[in-house]
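Values reported hereafter were calculated over all heavy atoms of this structure, with side chains retained and with hydrogens, waters and symmetry mates removed.
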Protein chains: 2
Amino acid sequence: MEERVKQIKQQLSSHSYKLTPQREATVRVLLENEQDHLSAEDVYLLVKDKSPEIGLATVYRTLELLSDLSIIHKLNFGDGVTRYEFRAADADHHHHHLYCLHCGTVDEITDDWLGAIEKRVEKEFDFQIIDHRLTFHGICYRCKGQVKDPKKLVGSKVT
Amino acid sequence: MEERVKQIKQQLSSHSYKLTPQREATVRVLLENEQDHLSAEDVYLLVKDKSPEIGLATVYRTLELLSDLSIIHKLNFGDGVTRYEFRAADADHHHHHLYCLHCGTVDEITDDWLGAIEKRVEKEFDFQIIDHRLTFHGICYRCKGQVKDPKKLVGSKVT
DNA sequence: TTACAAATTGATAATTTTTATCATTTAATT
DNA sequence: AATTAAATGATAAAAATTATCAATTTGTAA
């Protein structure tokens, strides 16, 4: 934890940004909730618990900054809100997500399963891949059995 | 074209919805621009050219309806706008997209390349897949050579 | 330490996209 | 022709994000 905060501090200062108290509070909230995919509002509320004086705009600015530096990733599961996730230290790609259409939970696949497909894309489409987004929509193991007609969930749900 | 309009009319009426002139105009715009990925605003403006009396809310309502019936798909490439694409008559899955970080163009891969991976997800994660979203972010063949430092494009760009 | 310039913040206004409301119009049915 | 439900258009409202700007904080240099 402290280790990672320090590392982020360095990443910031290497681009001449400071790790202000507000930014640090935001980073810590993100680290403490690494499993979740928090929206800006979520982050704001959690940060506010500890540092009530922080403003919403600052949280947005911090998330944007961290995203610019590729310290976090922006995600969009189509519910109208941008979500943020810590970018694994080692991973240079976006990992894959399992989005449950029943309960809304998002699980992760941290391995990159797209290697072969990406090669094919680069060759067949002459497309230089920088990153990817892969999300499966369906029913998670927790909700299995609770859903009668999965097809019904497809419709307008989620982009 | 006429064939497809008629087919959509039937899909609507089978759910007791009518193909009103406004809905038909919207459907035709979507069909005429099938290669593009239009936002609601885009559709609205194109429909307005032909039928100036149509309201924005009606366009939104129509897109939502078509999406509910899985006649079109909602897409989100992270630019803050929901986009719509005609759903291929045969495809029961979302097809894949190539999103160019340089020019913003979205190309399509209509085949489903995820079969093997989906089997693995279902087995390893006990996740019942209903649909998927796969988008590659990178440089398209048109922009190849025009981009010096692709890594620079990664940052905050797109969710 | 004090002074200064630049970076950052908080409050809030403004924007943007989408949804809700509601009176009016249209369409189908009796 | 009368009646009911569906659909529409105009517009208000909501939700998320971005922009503005004065005030504060920070790091640096005298």
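Judged purely by distance below 3.5 Å, without hydrogens or angles, the side chains of A:Gln10 and A:His15 never pair a donor atom with an acceptor atom. Side-chain polar atoms of A:Glu108 and A:His96 form no donor-acceptor pair below 3.5 angstrom.
Between B:Phe77 and B:His37, the angle of the ring planes goes over 60°, which puts this pair in the perpendicular group of the 30/60° scheme.
Annotation: cation-pi pair B:Arg4/B:Phe86 present, NZ/CZ under 6.0 Å from the ring centroid and within 45° of its normal.
Look at OH on B:Tyr44: it is 13 Å from C1' on D:dT8, rounded to the nearest Å. Taking atom CG of B:Leu63 as the reference point, atom C1' of D:dA7 lies 15 Å away to the nearest angstrom. In this structure, the NE2 atom of B:His15 is 22 Å from the P atom of D:dA5, given to the nearest Å. The separation between A:Leu19 atom CG and C:dT8 atom P is 11 Å, rounded to whole Å. We find that CD of B:Glu24 is positioned 15 Å from C1' of D:dA7, with the value rounded to whole Å.
Within the structure, every pair that satisfies the salt bridge (Lys or Arg N to Asp or Glu O under 4.0 Å) test and touches residues 18-28 of chain B, not counting sequence neighbours, is listed here: B:Glu2-B:Arg28, B:Glu24-B:Arg28.
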Summary of protein contacts for nucleotides 9-18 of chain C, nucleotide by nucleotide, where a base hit scores B, a sugar-phosphate-only hit scores S (4.0 Å, heavy atoms): BBBB----SB
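In this view, A:Gln35 satisfies the side-chain contact (heavy atoms from CB on, under 4.5 Å) rule with no residue, not counting sequence neighbours.
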